[in-house]
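Structure record follows, encoded as structure tokens.
Below, chain A is the first sequence line, B the second, and so on; all start at residue 1.
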There are 2 protein chains.
Amino acid sequence: MNSRKQHVIKMSHQLFIDRGYHATSIQDILDYSGISKGTFYNYFASKNELLISIFKGLHSKMKKERNELLIGKDESDLDVFIKQFELQMNINRKYKLFTLFEEVLISPDPELKQFVKEAQIGVIKWTFERFVEIFGEDKKPYLLDCAIMFIGILNQNMKYYALEHDRYTTGVHQVVLYSVLRVEKMVKELATSGEQLNEPELLDKWVPKKLKVNGTFQEELNQSINDLKKISLENHDATKYIELLDFIQDELLHAKNPRAFLIENTLVPLKNSSLFDSKQVEHLEYLVSIFFNEHNN
Amino acid sequence: MNSRKQHVIKMSHQLFIDRGYHATSIQDILDYSGISKGTFYNYFASKNELLISIFKGLHSKMKKERNELLIGKDESDLDVFIKQFELQMNINRKYKLFTLFEEVLISPDPELKQFVKEAQIGVIKWTFERFVEIFGEDKKPYLLDCAIMFIGILNQNMKYYALEHDRYTTGVHQVVLYSVLRVEKMVKELATSGEQLNEPELLDKWVPKKLKVNGTFQEELNQSINDLKKISLENHDATKYIELLDFIQDELLHAKNPRAFLIENTLVPLKNSSLFDSKQVEHLEYLVSIFFNEHNN
DNA sequence: TTATAGATTGTACTGGTAGTCTAATATGTA
DNA sequence: TACATATTAGACTACCAGTACAATCTATAA
């Protein structure tokens with residue numbers, strides 16, 4: 001991504017942290033990051049879209065670091081899970097994500113509203129899937145409920161713990177640990193009592209549809225890739241991009257288990273190339289994220 | 001309160017429910033309730049204050065109904081507690097309180113922000129106090145944590161349960177019951193493990209100070225009552241008000257355990273009287289609510 | 001070096017918002 | 001009737017997000 005654009009994102013995020021989202025005007029952002037209004041609206045369609053950019057950036061950073069904590073470790077290890085949530089809480093705290101989220105929770109803007117909603121469901125989904133890994137498949141019927149309640153418990157505990165122990169970072173560990181222990185007992189208890197509120201299958205309904213089987217999605221994907229191929233063909237020295245695009249197309253549509261990380265890696269040179277319209281590449285990236293159902297977790 | 005003002009509150013609340021707070025402009029409210037801008041700003045200092053009026057009205061309604069469920073019942077009866085929270089959830093749902101609250105959660109307006117925060121802590125406080133009644137004094141050290149987590153569990157469960165079972169009101173009972181059962185087990189578990197996150201004493205710090213001992217508060221109270229007495233003295237046929245005011249003053253400042261309901265009852269005729277400036281009576285009512293620390297629960 | 005395309009700028013503009021102010025009018029009460 | 005008070009309509013301010021566009025800068029390629 002354009003480094004200038006990145007700079008604007010950084011500066012405006014700082015302003016949002018300092019003054020809040022609503023209290024920061026476009027003009028503030030222009031002055032603070034030293035760009036003009038025209039450029040701003042060249043980068044972002046709206047103030048809301050800028051905010052979404054900030055969220056997305058931090059989210060992918062968080063996702064990356066969170067996954068790094070798992071490599072080489074046992075996925076059923078509760079300590080790793082605790083560390084993962086600690087990480088997320090610390091990033092939330094550092095970048096005031098919670099505050100910003102709250103500020104736009106119910107926003108007049110439907111796009112932003114949808115984004116926030118999807119992000120929240122994504123957290124539930126990830127937690128649920130980790131719970132299945134940790135507590136085992138046999139507990140699955142109760143684990144969606146537990147994931148939902150865990151998020152509730154953790155957020156509330158964080159909120160009120162912060163009221164007292166504002167400065168100590170060690171507190172985060174304590175709160176996460178305490179919350180995880182509570183939910184651990186709850187899983188056991190529910191497994192014996194057998195009570196259930198939500199079927200785990202509901203998650204699939206909540207999460208934006210996997211469009212994999214959907215014909216129109218496949219068309220859109222092909223269209224997007226073909227557009228980029230066309231541009232590559234029109235340019236000498238761009239055959240390597242055609243190879244990459246062919247690979248992506250094949251992996252997504254014909255592989256039994258398409259490998260997300262491979263495709264994400266393959267997208268990198270495309271994104272960095274000045275050959276393509278960045279919007280087109282971003283659109284392809286978006287389609288890929290839908291394919292892997294990854295834009296929420 | 002002025003019935004015309006009450007009408008505006010009702011109409012604007014309806015608009016807020018239908019379109020959302022931000023999406024409703026002052027002009028919409030004026031058109032819909034058939035008043036002029038001047039009158040609006042005569043009633044409310046701002047749009048935010050109107051919203052606070054709506055909250056306060058519903059809150060006192062809720063408080064009243066909630067307490068009615070308890071009369072003649074055993075305060076340690078868990079079923080009553082469940083019914084009480086069901087009631088609150090139903091009122092929340094009916095009047096979209098949650099949605100409205102969320103919409104202004106972090107508001108640019110500090111007054112509104114503070115109001116929301118106090119309301120939330122009020123819910124925690126009330127829940128905590130009920131938990132003490134239900135689970136017993138010996139569990140007290142864990143009950144603030146449990147109250148905090150219960151609210152988190154309940155809200156999350158309501159949120160995601162509503163995603164599926166939107167239409168059924170019966171669901172509310174199910175969700176509240178499920179959540180209460182979870183916290184019940186949690187209390188037991190914590191009592192044996194002895195883990196604690198927040199000392200219950202913290203509540204006193206979070207709740208706005210009791211100004212009872214504060215000299216200036218007592219002065220303000222006396223001042224307020226004396227102002228009203230003065231008006232009564234200036235009018236024939238108003239001696240009965242003086243009696244009432246004397247009673248309030250005595251009960252508040254000299255009784256060992258001032259009885260809130262008595263004083264609230266006593267305020268009613270004062271509020272209904274056309275003799276007094278409604279603002280003055282409201283101020284007294286406000287001071288009384290501070291005295292009993294009741295404006296949050 | 002120059003030509004050209006694309007990015008960037010500054011600024012004026014639209015249309016919307018909350019809230020202020022005021023002169024005129026209506027209403028209820030002594 | 002007279003007077004105080006409540007209400008009205010609307011003009012007005014100040015702010016905001018977002019649009020439009022002509023002018024200017026910048027990098028690259030001939």
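Proximity of a side-chain donor or acceptor of B:Q156 to a complementary backbone N or O of B:G152 within less than 3.5 Å is not detected.
Atom C1' of nucleotide D:dA20 and atom CG of A:N42 are separated by 13 Å, given to the nearest angstrom. Atoms CZ (B:F44) and P (D:dT7) sit 12 Å apart, rounded to a whole Å. If you take CD of A:E49 and C1' of D:dG18, they are 13 Å apart, rounded to a whole angstrom. Between the NZ atom of B:K5 and the P atom of D:dT7 there is a distance of 11 Å, rounded to whole Å. Regarding A:Y43, its OH atom lies at a distance of 12 Å from the C1' atom of C:dT9, rounded to whole Å.
In this structure, the side chains of B:H13 and B:L51 stay at 4.5 Å or more apart for every pair of heavy atoms. For the pair A:I54/A:Y95, no side-chain contact is recorded, criterion being any heavy-atom separation below 4.5 Å from C-beta on.
Partners of A:E65 under the salt bridge (Lys or Arg N to Asp or Glu O under 4.0 Å) rule, at least two apart in sequence or in another chain, are A:K61. Not a single salt bridge (Lys or Arg N to Asp or Glu O under 4.0 Å) links A:D18 to another residue, sequence neighbours left out.
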Generate the contact string for nucleotides 15-21 of chain C. Rules: B means base contact, S means sugar-phosphate contact only, - means no protein heavy atom under 4.0 Å. --SSBB-
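By the 6.0 Å and 45° rule, A:K47 stacks over the aromatic ring of A:Y21.
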